[in-house]
Amino acid sequence: MNGMNCPRAGYSRMAQAAIVIVLAVAVFLGGLLPGCKTDSGGSAATDQVTLLNVSYDPTREFYREYNEAFARYWKEKTGQTVAIQQSHGGSGSQSRAVIDGLQADVVTLALAYDIDAIALHSDLLPADWQSRLPHNSAAYVSTLAFLVRKGNPKQIRDWGDLARADVQVITPNPKTSGVARWNYLAMWGYVLRRELGPDFAAQLGDPAQAEAVAAAQAKAAEFVTAVYRNVPVLDRGARGSTNTFIQRRIGDVLINWENEILLGGRELDEAGLEIVVPPVSILAEPAIALVDGNVDRKGTRAVAEAYLEYLYSEIGQEIAGRHYYRPIASETAAAKYRDQFPSLELFTIDAVFGGWAAAHRAHFADGATFDQIYKPR
Amino acid sequence: MALALKRPGVLPGFGLSMGLTLLYMAFLVLIPLGGLVLFTGTRMTLAQLWQTAVVDPRVVAAYRVSFGASLLAASLNAIGGLLVAWVLVRYDFPGKRVIDASVDLPFALPTAVSGIALTTLYAHTGWIGRWLEPLGIQVAYAWPGIVIALTLIGLPFVVRTVQPALASLDQEIEEAAASLGATRWQTFRQVILPAVLPSLLTGFAMAFARALGEFGSIYFIAGNMPYKTEIAPLLILIRLEQFDYVGATGIGVVMLVAAFVLLLLINLLQAWSRRYQD
């Protein structure tokens, strides 16, 4: 602010006010001008490159191992050394961080909707990002499981038990947590499956079944409301809920990622907990995507693309399996780890809810079904 | 104060210091808050703001929790803080310095820490919570928990503003009042209280304002149930996480305006309480 000359003294209050306003406006407009952009490009030519993978909470251990494997592979293939930085947090807030300018080369989030949001609220990646990689841009899948107190004192076996009046359920707020949205949709889908039978997905779009479907949807809304009446604490994310359930010993059942619960392994027993797998559940498809806007500015497109593709390779799938994600791109890895996963009937969000955009509109948008649950009557 | 500004310089450097002050205030306060208002103003109409950030029942419930709990916490602090300040100023006892120093701790403690500590203490498995639960009193994950957390973070504001006022109050004035036949209650009510009231109100206002904006500790202790224990700052965060930036800033603007009006009222009250001084 050079050239700012304040008269020495003796002006009226009005003049003072005017100066405050003028200064505030001047400084404010100054802030709006485009700042100096530093160009950090040109890294493609060097033999050292850095990638930032922005991910959600429970992938920490998995990506630590995967990053080492990929760095080895990339060094062998191109001679280039790649250093991969990881950022972990709630899927939704990670997505928002990328929209707000976190320089992610790739995003590996809990649900496709969070990547849709990046496409919608920024021009960092195209709207059709999900069709660019195999399996709807999911390299590994998972599902949900229940964690209960040892001996399962409340006899919780299936989703239906969660609505019982004597059961307290711990699940985070679907408005802020990725896994909580999967939990919510799994409960909803469970009721549709129970009401309509094994071929329920096919009936949903069938005009001849419209009446039965509407009745089942109403039952589902009722059921989900009953379950959330049993939720004593709405945490913001999966880690918060885990803490409430395990440290504070609140609630009878925690719904969480299958991979996160299986990772607990032997420690579960020591902590006085055990796993319960419901017979039917939702197929959770964590999504991955290249952030075009960022890789093009940084000149890291080639290595970032390879990073995502390598997840589908035998080695990538093997590591995913070892960290309790269900491998979907490799028969070998799938066969090798089949025994560690409970077998259950899985339905997809595309078949039952018409994809994330539709599911969000119907269930999680402002005033949608989730908000109805807490409306005072 | 405004009078002093108009008086031509006995002290040099008014222009420079005033300019720097404005710049400082602009970067730290005026631009961010102005930007908030501008962002909201250019993206939603007044009717939309009214619908989403003023009359929406869930938002109203959150305001009620935020403003109600903050007001109650600041009031508790006005009483408790006055007592603490009184004890620290008027009495000598072993460990006084330690207690005096620990009053400032809530300033320095990350609020997440105090939130987690209080939750651990008051949850039904906690040291205090396990005795309260059989009595049917739920503190953690309920409204009382919010008030306790807000009281903790507001305490130093009241103590630190009231302390100097009490210290400057000569004990002889009290003795004079007593020798003129005042009862203890009259002495307190008519001699001490009027003297400390302005600073007590300042401390109250600061504690209240601080409580309104608090998020970190409440998030852990509140349970965050919509319509019951959901505070307005959390609702802002929830809207942000749904990428509803405009809806989030709408609540922000309403809170800003409401807080400003309330603080202004408290300032007026304070000026009124000073009417016999000087």
Side-chain angles (χ1 to χ4, degrees), chain A residues 1 4-13 16 19-28 30-32 90-93 95-96 99-100 114 116-118 120-121 172-173 175-177 228 231-237 240 243-244 247-250 360 364-367 370-371 373-376, chain B residues 2 5-10 12-23 25-27 29-32 34-35 38 52 56-58 61 116 119-120 123-126 129 138 140-142 219-230 234-235 237-245 247:
Chain A
M1 293 301 289
M4 189 181 66
N5 255 320
C6 286
R8 204 140 282 156
Y11 34 83
S12 70
R13 197 174 288 198
Q16 283 173 37
I19 287 175
V20 172
I21 292 165
V22 167
L23 260 176
V25 169
V27 175
F28 185 72
L32 287 182
S91 189
S93 39
S95 157
R96 196 158 44 77
I99 294 170
D100 291 344
D114 287 332
D116 279 339
I118 302 177
L120 187 67
H121 296 277
N173 188 342
K175 296 266 187 178
T176 52
S177 156
Y228 277 89
V231 177
V233 183
L234 267 187
D235 285 296
R236 217 172 91 204
N243 196 35
T244 300
Q247 308 295 331
R248 306 250 174 278
R249 305 192 59 79
I250 290 177
H360 180 83
F364 307 121
D366 251 3
F370 179 72
D371 280 343
I373 293 175
Y374 287 102
K375 271 261 162 67
Chain B
L5 279 180
K6 279 189 205 164
R7 214 168 285 148
V10 179
F14 170 72
L16 186 64
S17 54
M18 185 67 188
L20 283 176
T21 303
L22 288 180
L23 197 67
M25 287 294 289
F27 272 103
V29 180
L30 299 178
I31 297 176
L38 198 72
T52 61
D56 178 85
R58 184 159 171 199
I116 292 172
T119 311
T120 311
H124 73 102
T125 47
Q138 199 191 354
Y141 309 113
Y219 166 63
F220 289 98
I221 203 168
N224 309 320
M225 303 304 285
Y227 295 98
K228 286 187 201 129
T229 54
E230 191 174 60
L234 179 71
L235 205 53
L237 190 87
I238 287 179
R239 289 204 171 165
L240 272 183
E241 304 228 321
Q242 294 179 278
F243 313 103
D244 180 8
Y245 287 65

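The chains referred to below are lettered A, B, ... by the order of the sequence lines, with proteins before strands, and numbering in each begins at 1.
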Proximity breakdown for [X] and chain A, heavy-atom pairs closer than 4.5 Å:
| X | value |
| --- | --- |
| B/D56 | neither |
| B/I221 | neither |
| B/Y219 | side chain |
| B/T229 | neither |

Report task. Taking all non-hydrogen atoms of both residues into account, name the closest pair between A/R248 and B/A123 and its distance. Result ->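 Minimum heavy-atom separation between A/R248 and B/A123: CD-CB, 4.1 Å.
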Requested in this report: Write down the atom of A/R249, the atom of B/T125, and the distance for their closest heavy-atom approach.
Outcome: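 Looking at all heavy atoms of both residues, the shortest contact is CB-CG2, 4.2 Å.
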Is any side-chain heavy atom of [Y] closer than 4.5 Å to one of [X]?
| X | Y | answer |
| --- | --- | --- |
| A/I118 | B/F243 | no |
| B/I238 | A/N173 | yes |
| A/R236 | B/L237 | yes |

Query raised in the report: Is atom CE of B/M25 surrounded by more than 12 heavy atoms (other residues, nucleotides or ligands) closer than 6.0 Å?
Result: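 Open: at most 12 neighbouring heavy atoms sit under 6.0 Å from CE of B/M25.
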Report task. Using side chain to side chain donor-acceptor pair (under 3.5 Å) as the criterion, list what pairs up with A/T244, not counting sequence neighbours. Result ->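 Result, side chain to side chain donor-acceptor pair (under 3.5 Å) vs A/T244: A/D235.
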Requested in this report: State which residues pass salt bridge (charged side-chain N to carboxylate O under 4.0 Å, His left out) with A/D371; sequence neighbours excluded, sorted by chain then number.
Outcome: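 Residues passing salt bridge (charged side-chain N to carboxylate O under 4.0 Å, His left out) with A/D371: A/K175, B/R58.
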Query raised in the report: Checking heavy atoms, do the side chain of A/L120, its backbone, both or neither come under 4.5 Å from chain B?
Result: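 When you check distances to chain B, no heavy atom of A/L120 falls under 4.5 Å.
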Query raised in the report: Using non-hydrogen atoms only, which part of A/N243 is less than 4.5 Å away from chain B: side chain, backbone, both, or neither?
Result: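 No part of it gets close to chain B.
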Query raised in the report: In terms of heavy-atom pairs under 4.5 Å, which option from A/I99, A/D366, A/V231, A/T176 contacts chain B the most?
Result: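 With the most close heavy-atom pairs to chain B, the winner is A/T176.
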